[in-house]
Structure formats: structure tokens, C-alpha cells
Amino acid sequence: MKNPDLDKIFSTIPGAQKAADGFIISGENARFHVFGVLTEEQTKGLATEETFYLPFCTKEEILRIRNQSSSSDYLLWLRAEAIADSPRAVRVFRKRAAGKKGWSLTKYYRDNFSYDKKYLEMAGGKFKSKTSNIPAGMAFVRDVNAMCIHTKFGNVIVANEALTFFLYYMNIVFLGREHGIDYSDISASLAIAIRIMLGSESLDFDIDPRGDLPPKIHKEISNYTELQLIFIFGHEYAHHTLGHLSSSSIKKYPLQTIMHTERSDIDIKAYSYEHKKEYNADLYAIKKIRNNNHFRSIMADSAFLIFIYFDILDHVLQYLALRDNISKTHPNPLDRLWHLRGKLKSKIGASVDTIRSYLKVSGQIKNLLIKEWLPFRIDELERYGSIYLPSYKRKILIDRIDF
Ligand SMILES: [Zn+2]
């Protein structure tokens, strides 16, 4: 992110302030955050809107987005679109790309996330060949969700990075206590997870860490998160292989409902939720794991935790009266949990008694919410910004100046 040309220009502007990335110029009524200067060579042949992709896409990728001709191009477009209209997301990607030789957005996602591939490895060759033409991966979408999308080139599977962050903090809430994490940090993690879901927590964890857990605990929590995402990819692959995206069951979702974008004219076509399809996709995701009851159990337990987390969220949403129309079409997460438990062989996954003990813990978490967060601290949940883990955050950084 060092740029001597930029330094020279800004040394001549009175009052220009050096920021962590670029400069800030304050005028009477506005402040400008300037990151860099685009050269003519970089922008040549690109439309103005296309230059917004330049901080995180190669020119070749921008041309692929312009002339989409495959489902991988569609995935690339979705990934780029999820970043372009959010200044904070652009800053996250400027940091991710800084100093990386041969950076491209596609390469970044390929090198850093492999939940989809890990699922396919466990499912084996036959399943892999059924899904070989389905591009799958993460995107920086703010909606806590994953999707199997119908495009004119074929299906595409995307899990949103917001979901990864959400699961990470919910795992701290749920499992942190047995790792000795303090109550104050668990409470803060719960607030972060809920705020991610409400869209009020800024997704800039890369540039503004909320507090680093000790490496050993971080590794454990990340490991749970990874397994949960592997299950989620299995679930989305199941929607594809079970034919849930046949034309009769496709619904349009406006792009603006899931990401920051100015494009009000674009819809995403994904399957419409039906209880039976969700149940089948859950079960199939586990059944398709080949000859490995141990890993099937791990996947089942990962699913159980995800459902418990979404049940806690539902609780908050109901309290905030936000979930009225969603709950009618979407199966209740605990129904999904018990349905899955009932369909699996008893030796696969946690027993009914163990699940009941998990639900006791989730009951305590709901109590914490009802007593501590929801009645008195709603503002803190809804205000846009960041929350930190008190025991692990050393210094609160100043936005734009320090990061
Ligand atoms: Zn589903």
C-alpha cells in the first residue's frame, strides 16, 4: 500500500493527514479518504463503473465480468459486486491484496478457503463428478447465509463470509467457557454474532481485530467453524444434486437484500425454501459422506450446533419482531435438528441426551440475552460499528488513521 507518488502529491496539500492506507483530506463540509492514483494503463478500455473493481480484481477478471460466459464468471461477478459498493469491504480487500504478487480475486478465494473441496473429498469420487461443473466458494456477502444459485450457465454455490464470522463468534459463545474464556468476552462475542446477523457489525475483522484469542483456543474455535462450513457446503451441494433448483422451485431475491449494492435491477435466482427440501438436504449432506461414520458424526454434530445457533438468533429476531414472515416459509431450526436426529442412525452424531444438554446451554444463552442485552442494550446491538472482546483487545484503533 506504499505509494511514493501519492506521498509527493499529498505533501503539497495543506491539512492532508496520513492514514493507515492513503490520506485523508478534510474540507469544510466533507472528508475524502484517498487510497491511490489509477494510472492510464490500468484504466484503459474500462468503463468508469468497471474501474471500481480495480483495487481487488485483475483487468482480465474485469473483462470476464463484462463478458460473462460461464458459471465461474458469474461467481466472480458476485464476489466483485459484493465488495465494490462497500467502502469498508474495499478497504478489507486492499489489505488482503497488499504486497501479494500475482493477486487476483479468484486466486485469493481459492488459496484461502477450501470448505467446498474438503466436503467433496469426504464425499468421494462419484459425488465429485456429479458436482464437478458447479463452481463453489465464499464471497464477501453481508447476509448470514449460503445459497445455491441458479444462473443461465448452471448452478453456483456460495457461502457468505458473514456466515463464517457469525459461526466463529457463536462458537466462542457456545464452547468458550470450556476453554476458560471469561464471561465478559462471551457476552461480547454474543453481541458481535447478533450484530453480524443484524448487519450492524462492520465486517472489517481483517483490518480491525476485535481481540485475538490465545492461539490454541483460536485454533479450536476455527476448527469447529471450518467443520460447520464443510457441512453447509454439503447441504448446498445436496440442493443441487437432489434437483431442488428445477424451474418450478426457483424464487428471485433482489441483490440489494443480501449485499451493499447500487444495482436495484438485479435479482439472484435461488431455490425457494420448503421444509421438506431443507430436511432432505441436511440428511443427504451427511449420508453422502463415503464410508466414514466418524466423519458423518462430526458433520451431524456440526449441523446440530448450527441449528442451535440459528435458534438463538430466531429468538433475538422474534424479540425484535423481525422474523414474522420468514418463519412461515423457513423451517424452525430446532425442527431441522430433531428431524435430522430422528433420521440418522443412533451411532451417528450426538445422542438425544447430549443434544438436550446442548439445549440447556443455549437456554442459558437466551437468558443472558433476555436479561442483559435485549431490554437494556438494544442500541448497542443496532448501532453501526464494532464491539471488542475486553480481555483480548489491547488498544482500540482509530478508524482510518490506524487501520
Ligand atoms: Zn437449504
Side-chain angles (χ1 to χ4, degrees), residues 71 75 78 115-116 118-120 122-123 127 130-131 134-139 141-151 154-164 166-167 170 197 225 227-254 257-259 267-289 296 299-314 317 323 325-344 349:
S71 39
L75 175 58
L78 186 83
Y115 314 120
D116 50 318
K118 284 184 178 148
Y119 181 81
L120 293 181
M122 300 312 287
F127 190 88
K130 271 194 201 165
T131 53
I134 306 300
M138 308 296 297
V141 176
R142 62 161 193 209
D143 188 36
V144 175
N145 207 348
M147 307 168 274
C148 188
I149 303 172
H150 174 84
T151 81
N155 292 340
V156 171
I157 290 172
V158 179
N160 301 342
E161 286 201 55
L163 177 63
T164 315
F166 167 78
L167 290 172
M170 279 312 285
M197 195 269 318
T225 309
L227 292 166
Q228 289 155 359
L229 281 151
I230 293 173
F231 168 77
I232 284 165
F233 275 97
H235 173 100
E236 297 303 328
Y237 276 124
H239 278 306
H240 165 76
T241 51
L242 292 169
H244 290 174
L245 279 95
S246 63
S247 55
S248 60
S249 51
I250 287 173
K251 203 181 147 198
K252 287 182 182 174
Y253 300 87
T257 59
I258 60 163
M259 61 170 75
D267 296 318
I268 294 246
K269 296 190 186 76
Y271 64 90
S272 58
Y273 288 108
E274 279 171 35
H275 289 35
K276 209 175 139 209
K277 285 180 186 168
E278 291 309 305
Y279 293 152
N280 285 345
D282 290 337
L283 182 61
Y284 198 78
I286 291 164
K287 274 187 146 177
K288 283 293 138 181
I289 301 296
R296 282 185 189 137
M299 286 292 98
D301 290 343
S302 301
F304 296 155
L305 282 185
I306 293 170
F307 299 147
I308 289 172
Y309 298 168
F310 277 108
D311 172 60
I312 294 171
L313 263 193
D314 266 8
L317 293 180
R323 178 131 281 184
N325 33 18
I326 304 173
S327 57
K328 282 181 200 126
T329 51
H330 218 105
N332 171 315
L334 292 188
D335 288 346
R336 274 173 80 182
L337 188 162
W338 290 119
H339 193 269
L340 183 61
R341 176 61 283 165
K343 288 280 176 185
L344 291 170

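Bear in mind the structure is a predicted one, so any value in this text is a computation, not a measurement. We count ligands from 1, going down the list as the structure has it; atoms in each ligand are counted the same way.
The Zn ion (ligand 1) has an N, O or S atom of H235 closer than 2.8 Å. Among the atoms of E278, an N, O or S atom is found under 2.8 Å from the Zn ion (ligand 1).
Of all N/O/S atoms in H239, NE2 sits nearest the Zn ion (ligand 1).
Listed for the N160 side chain is a donor-acceptor partner under 3.5 Å among the backbone atoms of D143.
Exactly one of H235, K287, K277, H339 qualifies for a side chain to side chain donor-acceptor pair (under 3.5 Å) with D282. That residue is H235.
Aromatic ring centres of F304 and F231 lie farther apart than the 6.0 Å criterion allows.
By the 30° and 60° cut-offs, the orientation of the rings of Y237 relative to F127 is perpendicular.
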